[in-house]
Amino acid sequence: VQLQASGGGLVQAGGSLRLSCAVSGSAINFNVMGWYRQAPGKQRELVASFSLGGRTNYADSVKGRFTISRDSGKNIMYLQMNSLRPEDTAVYYCNAHLYPNPAVGFEGMDYWGKGTLVTVSS
């Protein structure tokens, strides 16, 4: 399984960017897929995610500004980021997660793409 994130760049505050994450190498239906970010000197944090059942989840700091979506036919996940702020500056990573299944000895798995840098200037 490979996840390839793209779409980062430099944008002024108030601007928009759309990140893409292409998933290849597997036909697995991941339980959860999402976007994380890590700013310099900070821990990686969840930005947005959606579950196989269609439930979405957003960090409070991005609610109303960011939208996560996917194109199932193309195996691509997106993160539309509007009204960007300098504090959104970070490396953004896409993630695909499989839940544990103790019945078959599966402990769960996380797949990560290489990050894409988003820089928001003030």
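- Between Val47 and Leu79, the closest heavy-atom pair is CG1-CD2, 4.2 Å.
- Cluster annotation: Val23 is not connected to Tyr78 through the hydrophobic network of ILVMFWY side chains, with a link wherever side-chain heavy atoms come within less than 4.5 Å.
- In terms of modelled atom types and a separation under 3.5 Å, the side chain of Thr116 and the main chain of Gly8 share a donor-acceptor contact.
- In this view, Lys74 satisfies the side-chain hydrogen bond (donor to acceptor under 3.5 Å, both in side chains) rule with no residue, not counting sequence neighbours.
- In this structure, Tyr58 and Ala48 approach most closely via the heavy-atom pair CD2-CB, 3.5 Å.
- Residues meeting the side chain to side chain contact (heavy atoms under 4.5 Å, CB included) test with Tyr99, sequence neighbours left out: Asn31, Val32, His97.
- By the criterion of side-chain heavy atoms lying less than 4.5 angstrom apart, applied directly or through intervening Ile, Leu, Val, Met, Phe, Trp or Tyr residues, Leu10 is not grouped with Met81; the two fall into different hydrophobic clusters.
- Once rounded to the nearest 0.5 Å, the distance linking CE of Met77 with CG of Asn95 reads 7.5 Å.
- Annotation for Leu98 and Asn29: closest pair CD2-O, 4.0 Å, computed over non-hydrogen atoms.
- The OG atom of Ser122 sits 9.5 Å away from the CD atom of Gln12 when rounded to the nearest 0.5 Å.
- In this structure, Asn75 CG and Ser24 OG are separated by 8.5 Å, a value rounded to the nearest 0.5 Å.
- Qualifying side-chain hydrogen bond (donor to acceptor under 3.5 Å, both in side chains) partners for Arg65, counting only residues two or more places apart in sequence or in other chains: Asp88.
- Clustering ILVMFWY residues whenever any of their side-chain heavy atoms sit less than 4.5 angstrom apart, transitively, puts Leu52 in a cluster other than the one holding Val104.
- Not counting sequence neighbours, the partners of Ser16 by the side-chain hydrogen bond (donor to acceptor under 3.5 Å, both in side chains) test are Asn82.
- Rounded to the nearest 0.5 Å, atoms CD1 (Ile76) and SG (Cys21) are 9.0 Å apart.
- More than 12 heavy atoms of other residues, nucleotides or ligands lie within 6.0 Å of CD in Glu87, so this atom counts as buried by the packing criterion.
- Classification of the Phe66-Tyr92 ring pair by plane angle, with boundaries at 30° and 60°, yields tilted.
- Between atom SG of residue Cys94 and atom NZ of residue Lys114 there is a gap of 12.0 Å, rounded to the nearest 0.5 Å.
- The neighbour count for Glu45 CD, taken as heavy atoms of other residues, nucleotides or ligands under 6.0 Å away, is above 12.
- With values rounded to the nearest 0.5 angstrom, Leu19 atom CG is found 9.0 Å from Gln80 atom CD.
- Tyr93 forms part of a hydrophobic cluster together with Tyr36, Leu46, Val91, Trp112, Leu117, judged by ILVMFWY side-chain heavy-atom separations under 4.5 Å.
- Looking at residues two or more places apart in sequence or on another chain, you find a side-chain hydrogen bond (donor to acceptor under 3.5 Å, both in side chains) between Ser61 and Arg37.
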